[in-house]
Colleague: 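One structure, pasted below without further comment.
Computed from heavy atoms alone, side chains included, the values below leave out hydrogens, waters and symmetry copies. In what follows, chains are A, B, ... by sequence order, proteins preceding strands, each numbered from 1.
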2 protein chains.
Amino acid sequence: MTKNVPAKTVGRLSLYRRLLRRLDARENPHIFSHALADLAGVSAAQVRRDLMTVGCGGSPARGYGVNELIDELSAFLDAPEAQNVVLIGVGNLGRALLAYFPARRPRARIVAAFDTDAQKAGRVILGCRCHAVSEMEEVIRREGVSAAIIAVPAAHAQDVAETAVRAGVRGLLNFAPVPLRVPAHIYTEDIDISTSLDKVMYFARAGFGADDVRND
Amino acid sequence: MTKNVPAKTVGRLSLYRRLLRRLDARENPHIFSHALADLAGVSAAQVRRDLMTVGCGGSPARGYGVNELIDELSAFLDAPEAQNVVLIGVGNLGRALLAYFPARRPRARIVAAFDTDAQKAGRVILGCRCHAVSEMEEVIRREGVSAAIIAVPAAHAQDVAETAVRAGVRGLLNFAPVPLRVPAHIYTEDIDISTSLDKVMYFARAGFGADDVRND
DNA sequence: ACTTGTGAACCATTTCACAGCT
DNA sequence: AGCTGTGAAATGGTTCACAAGT
């Protein structure tokens with residue numbers, strides 16, 4: 001069924017949904033592609049093409065129905081039932097993620113965390129039970145976890161990724177500053193903060209003329 | 001001079017440099033494009049093209065000199081002197097970033113942090129002086145800050161971005177889950193953790209056949 | 001008059017493939 | 001024999017532009 005929607009499109013659809021939810025649908029129950037495009041910082045044609053890709057339609061007279069769109073996007077983006085997620089690495093970043101996620105993402109339940117620090121094993125940190133890394137494979141299997149968030153130092157990232165994949169995880173959100181070598185059918189999203197800062201520092205440098213920077 | 005190198009290429013160059021630094025140049029003072037490609041998870045042709053773009057050369061016999069490459073990449077990526085950066089928003093994520101960055105990025109000095117919480121103003125958090133947001137414009141000007149890291153809630157992101165830009169910042173690293181509307185000559189890198197998790201959740205779902213997922 | 005939906009054109013980026021070097 | 005450097009081709013993604021709808 002799913003017609004091979006590009007990752008970039010999925011990303012924008014997630015953004016559209018978030019922006020639409022911030023709108024008060026009572027004030028304005030409909031929105032035109034160019035208005036949503038403005039909010040998202042993309043072109044109107046891009047919005048229409050993205051929505052078309054997942055079968056969302058609007059009317060030339062009124063545009064797209066806000067609530068309708070939110071529901072259709074959710075039907076596309078969300079799995080039928082909530083998906084279980086684990087966090088690997090409960091350092092500074094890991095704790096920030098624990099504080100950030102559970103609140104606003106009820107469809108992705110962080111069911112367990114793992115850390116090599118023996119002090120942390122067994123404790124409950126920010127509402128999330130923390131286990132030793134040695135228990136990871138068993139817990140992931142038992143809980144039917146579909147994705148893992150990797151927030152460990154570079155040196156351990158490949159290792160924990162392999163363990164997670166062996167246990168049946170199908171998606172990885174990788175904050176470690178190294179690319180992971182995993183089988184092709186495992187989806188990996190890298191969030192490389194160091195590289196991002198390098199890019200910002202590079203383009204923030206004085207010396208770019210009229211600034212014809214090609215961003216993506 | 002700088003010949004309009006695409007942001008994606010700059011990102012990979014930053015990655016190559018990081019990977020090369022992890023190598024022990026004594027063990028292996030030279031590296032072939034396919035070996036570096038393997039480490040970076042890209043094609044060998046990609047590596048050669050990227051290095052060519054910034055004028056790095058190798059020899060068909062030995063490949064590229066590791067230390068030489070690190071130096072050439074640094075000459076390209078780094079500004080002549082260290083650049084000053086500020087952090088806006090000292091919540092959970094902001095503190096994690098403070099703990100993460102200063103250690104490993106000596107070229108990007110986080111010279112100040114800002115928060116609306118009056119409790120934090122004046123204090124030194126993780127080695128970084130924290131100011132009230134009202135002082136932001138003045139501090140950014142005084143310190144000659146070239147980039148800002150935005151780690152505030154969605155509702156405040158546009159506001160603080162505008163203030164930072166008004167004060168002369170040229171690059172933004174945005175962790176808030178909304179796109180920023182800033183002038184075209186300001187480089188913005190969005191790190192949208194919510195969207196990234198949505199993408200992982202989407203592609204981690206069961207039901208993708210032989211997995212012909214188009215990633216980027 | 002202003003919109004949506006969409007084939008076609010366009011553009012950026014990646015990969016191919018091979019000449020030239022060692 | 002195996003590499004680098006690089007035009008040329010291919011791929012993937014975005015924008016154009018316009019027919020059709022209201």
Colleague: Taking Arg107(B) first and then Asp198(A), would you say they form a salt bridge - that is, a charged N and a carboxylate O separated by under 4.0 Å?
Modeller: no
Colleague: In whole angstroms, how far is the C1' atom of dT15(D) from the CG atom of Asp50(A)?
Modeller: 12 Å
Colleague: Using a 4.0 Å heavy-atom cut-off across all strands, classify Ser33(A) as base, sugar-phosphate, or nothing.
Modeller: sugar-phosphate
Colleague: Would a distance-only check, ignoring hydrogens and angles, find a side-chain to backbone donor-acceptor pair under 3.5 Å from Asn174(B) to Val178(B)?
Modeller: yes
Colleague: For the pair made of NE2 in His30(B) and C1' in dC3(D), what is the distance, rounded to whole Å?
Modeller: 14 Å
Colleague: Tell me the interatomic distance from Arg48(B), atom CZ, to dG20(C), atom P, rounded to whole angstroms.
Modeller: 16 Å
Colleague: Distances for protein N/O vs nucleotides 7-10 of chain C N/O pairs under 3.5 angstrom?
Modeller:
unit_1	atom_1	unit_2	atom_2	d
dG7(C)	N7	Arg49(A)	NH2	3.4
dG7(C)	O6	Arg49(A)	NH2	2.6
dA8(C)	N6	Arg49(A)	NH2	3.4

Colleague: Which of these, Ile70(B), Leu73(B), Leu77(B), Leu39(B), sits in a side chain to side chain contact (heavy atoms under 4.5 Å, CB included) with Tyr16(B)?
Modeller: Leu73(B)
Colleague: At under 4.0 Å, does any side-chain N or O of Ser43(B) touch on OP1 or OP2 of dT15(C)?
Modeller: yes
Colleague: If you take the centroid of each ring, where Trp contributes its six-membered ring, are Tyr202(B) and Phe76(A) closer together than 6.0 Å?
Modeller: yes
Colleague: Give the rounded distance in Å between these two atoms: NZ of Lys8(B) and P of dT11(D).
Modeller: 17 Å
Colleague: Any salt bridge between Arg166(B) and Glu162(B), counting N to O under 4.0 Å?
Modeller: no
Colleague: Whole angstroms only, please: what is the CZ-P distance between Phe32(A) and dG5(C)?
Modeller: 12 Å
Colleague: Got more than 12 heavy atoms from elsewhere within 6.0 Å of NE2, His156(A)?
Modeller: no
Colleague: What's the CE-C1' distance between Met52(A) and dT4(C), to the nearest Å?
Modeller: 11 Å
Colleague: How long is the line joining OH of Tyr64(B) and C1' of dT22(C), in whole Å?
Modeller: 15 Å
Colleague: Test: salt bridge (Lys or Arg N to Asp or Glu O under 4.0 Å). Region: residues 44-59 of chain B. Which pairs qualify, not counting sequence neighbours?
Modeller: Arg12(B)-Asp50(B)
Colleague: Report the distance from atom CZ of Arg62(B) to atom C1' of dG2(D), rounded to the nearest whole Å.
Modeller: 14 Å
Colleague: Is the number of heavy atoms from other residues, nucleotides or ligands under 6.0 Å of Arg109(A) CZ greater than 12?
Modeller: no
Colleague: Mind checking the CG-OG1 spacing from Leu173(A) to Thr188(A)? Nearest 0.5 Å is all I need.
Modeller: 9.5 Å
Colleague: Respond yes when some side-chain nitrogen or oxygen of Gln46(A) is under 4.0 Å from OP1 or OP2 of dG13(D), and no when none is.
Modeller: no
Colleague: Is the phosphate of dT14(D), meaning OP1 or OP2, less than 4.0 Å from a side-chain N or O of Arg12(A)?
Modeller: yes
Colleague: Does anything in residues 54-61 of chain A come within less than 4.0 Å of DNA chain D? Heavy atoms only, and list the residues if so.
Modeller: Pro60(A)
